[in-house]
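Quick caveat: nothing in here was measured; it's all calculated off a predicted structure. A, B, ... follow the sequence lines: proteins, then strands. Residue 1 opens every chain.
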There are 2 protein chains.
Amino acid sequence: MTTLKQLAKLLNVSVSTVSKALSDADDIGEETKKRVKELAETLNYKPNKLALGLKSNVTNTLGVVIPDILNPFFAEVLYGIQKQANKKGYDTLVCISNESTQTEINALELLKQGRIDGFIISPASETIQTNNFSHLDAAKNERIKFVMFDRVDNKIETDKVSIDDQKAVFDATEWLISKGKSKIAYLSNIENLNISSDRRNGFHEALAKHKIDPNPNFELNLTNIETAHKTIESFIKTHDFDAAISVDNNSAIMFQSLLKSFRPELVDQITCIGFANAKTSKLAYPPLSYINQNATKIGEKAVDLMIERIKDKSDNPSYKQIKIATDVVEV
Amino acid sequence: MTTLKQLAKLLNVSVSTVSKALSDADDIGEETKKRVKELAETLNYKPNKLALGLKSNVTNTLGVVIPDILNPFFAEVLYGIQKQANKKGYDTLVCISNESTQTEINALELLKQGRIDGFIISPASETIQTNNFSHLDAAKNERIKFVMFDRVDNKIETDKVSIDDQKAVFDATEWLISKGKSKIAYLSNIENLNISSDRRNGFHEALAKHKIDPNPNFELNLTNIETAHKTIESFIKTHDFDAAISVDNNSAIMFQSLLKSFRPELVDQITCIGFANAKTSKLAYPPLSYINQNATKIGEKAVDLMIERIKDKSDNPSYKQIKIATDVVEV
DNA sequence: TTGAAAGCGCTAACAC
DNA sequence: GTGTTAGCGCTTTCAA
């Protein structure tokens, strides 16, 4: 790595002159600036970010803690985070908690070592189930800035980005009802998450609005992936239904596939919808209509909030809770 | 952030005493060590990694450049990288090139600013198609250490981890043949990648070995996702086949789903296999048998190679090319 | 118009 | 057994 010192030596000037020349300070002669810049270019000089960080206490780096990178939703949020962060001149130090509270705590330890200006987190499912947010409380006490996304929690006072889970499922359910459906199966493999109750409420709210009685037997808990196929199969074989809504990213694809196997004659009559994106929707045929969470936008917005918070030096910040609009994509 | 200086002041000792006490140097009195450690614990002292990095030129951070985080394969590799890196005491600075050479170059710029000890990369498809590896050559000239994975290239001399693409597809094809199949559709949405020719060779090699004539009409190019469904549909409707092998992560799921729609009577007789993992295989029903790339292991191995290379101070390194074994998982 | 010096947080050689 | 000093790469104030 080329350093200022090396440049200074080669040019027979002082380090501070080189530093100022490169930042176009107006107390350096044009001629000197030119020489300095040329050599810097030739030797491919890059300022050392560690030194900058040490000096200024600003690292232009955001920490990111993701519960599960194999979940396409989180992968897409990460995509949005990276895109926006780079656009704004920030890098990302990424950790995957793998849904474990301990791993999440370790991640925060790593991030809290002076290398980030703030972090963006969606808590692990274990953290949510055990309601153990002490590490986030600690971060707050240490005045470390962070933004929560997706799995947000009321107990933590900070900036938050999520979709309106209840409304998203409400809208999708109404969409099914508008298609004349009323016997709607409800599929969920995220019963271990706090957002699942919001989504269920949205479902029930839509049923109630349209005077459809909810039927507990129509609500399938698929949280255990080992038994999910069996659960769906048994439902399909024994119930009279005309639609299915999945409140996670996978169940709709599974459901449709099993439907084709066990009640192929029904395929044309049953409408399935789930959370998805343009790409995963096409894994099914016919492609599934889907609830677009706009995961990329969630990531982008989280970065915007984070940067806003970082710039904000006030002692009494007013935190924001942003809800990203979802939409039903009919294909 | 608590610093050594603050601890020193509170304890009325010098900064170096605190530093040594915390690292258990044996020229510090037991009593002093105890006092120092207790206070450090109480104030939640964490050494500043930026300062450590500046001082020692060692950051214990690995750069990672991934072409596409929405691809489950890369997501899983990243998972393996993170897992192994954390285990070995390294953090990861992750960049997504989004299959663009320019973004990849920018990513390397970011990473080359003194904050990483080396980087792990799988090049963007654009980089491979345009055969433009100058930025990696540059990295080599600057003596920056890196490991390539999956999309490895002979022209670059460095450590590499991949699967044996030809063998993986050869094995899977033979597996189909062993089931009595001979009219095998070949599905690929990765015709823009260098590895696709290896995979195709594996397919042809297996056919040749078993004296099956290859039929070009059976080889479907699905690289354009917009036309993929149509291409498959038209093939299914007009050809006589008894199996399908997908050399990417999606096509097999699509193929099976379209098969159920357009030739449901064939579903029981046609065997489909593709690259996948335990989770994505279950998106289909019946779950698909799959070629397990052991993506997690690829990531882990890449980290091992990277760390080995970092520790290796020799001027004339002997680079390794590791092939991770794949296996056919029959479900 | 340029340079010297201090300091960000840390470690290590050397002195006391 | 403990402290002083220098230095990693950089910016910035102040002096020349």
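Between the side chain of B/Thr59 and the backbone N or O of B/Gly53 there is no donor-acceptor pair closer than 3.5 Å. The backbone N or O of A/Leu43 sits less than 3.5 Å from a side-chain atom of A/Thr2, completing a donor-acceptor pair.
As a whole-Å value, the separation of B/Leu7 CG from D/dG3 P is 14 Å. A straight line from CG of B/Leu11 to P of D/dG3 spans 10 Å, rounded to a whole angstrom. Look at NZ on A/Lys46: it is 16 Å from C1' on D/dC10, rounded to the nearest Å. A/Gln6 places its CD atom 8 Å from the P atom of D/dG9, with the value rounded to the nearest Å.
Using a 4.0 Å heavy-atom distance criterion, B/Asn48 is classed as a sugar-phosphate-only contact.
The distance from the OG atom of B/Ser122 to the CE atom of B/Met148 is 7.0 Å, given to the nearest 0.5 Å.
Look at A/Thr32 and you'll find a side-chain N or O under 4.0 angstrom from OP1 or OP2 of C/dT2. OP1 or OP2 of C/dC8 sits under 4.0 Å from a side-chain N or O of B/Lys5.
Enclosure of atom NZ in B/Lys160 by more than 12 non-hydrogen atoms of other residues, nucleotides or ligands within 6.0 angstrom is indicated. Within 6.0 Å of CG in A/Asn154 there are 12 or fewer heavy atoms belonging to other residues, nucleotides or ligands.
For a distance-only test at 3.5 Å, the side chain of B/Lys55 fails to qualify as a donor-acceptor partner of the base of C/dG9.
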Item checked: Verdict with supporting geometry, A/Asn194 and A/Arg151, side chain to side chain contact (heavy atoms under 4.5 Å, CB included) -> CA-CA 7 Å; A/Asn194 46 358; A/Arg151 303 170 178 179; 4.1 Å; yes
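With DNA chain D read from its 5' end, the first of the two nearest nucleotides for B/Asn57 and B/Glu30 is the one closest to B/Glu30. Along DNA chain D, the nucleotide nearest A/Asp27 and the nucleotide nearest A/Ala51 are compared for position; the residue whose nucleotide lies closer to the 5' end is A/Ala51.
The side chain to side chain donor-acceptor pair (under 3.5 Å) search around B/Asn277 returns B/Glu76, B/Thr280, not counting sequence neighbours.
Annotation: the terminal axes of the helix from C/dT1-D/dA16 to C/dC16-D/dG1 meet at 60°, where each axis is the rotation carrying the C1' atoms of four end pairs onto the next four (5 pairs per end, rounded to 10°).
Ring geometry for A/Phe119 against A/Phe146 counts as parallel: the plane angle stays under 30°, on a 0 to 90° scale with 60° as the upper cut.
At a threshold of 4.5 Å between non-hydrogen side-chain atoms, the residues B/Met306 and B/Lys145 count as touching.
Considering only the side chain of A/Ile28, C/dT2 comes nearest among C/dC10, D/dC8, C/dT2.
Contacts between residues 12-21 of chain B and DNA chain C, defined by a heavy-atom separation under 4.0 Å, are made by B/Val15, B/Ser16, B/Ser19, B/Lys20.
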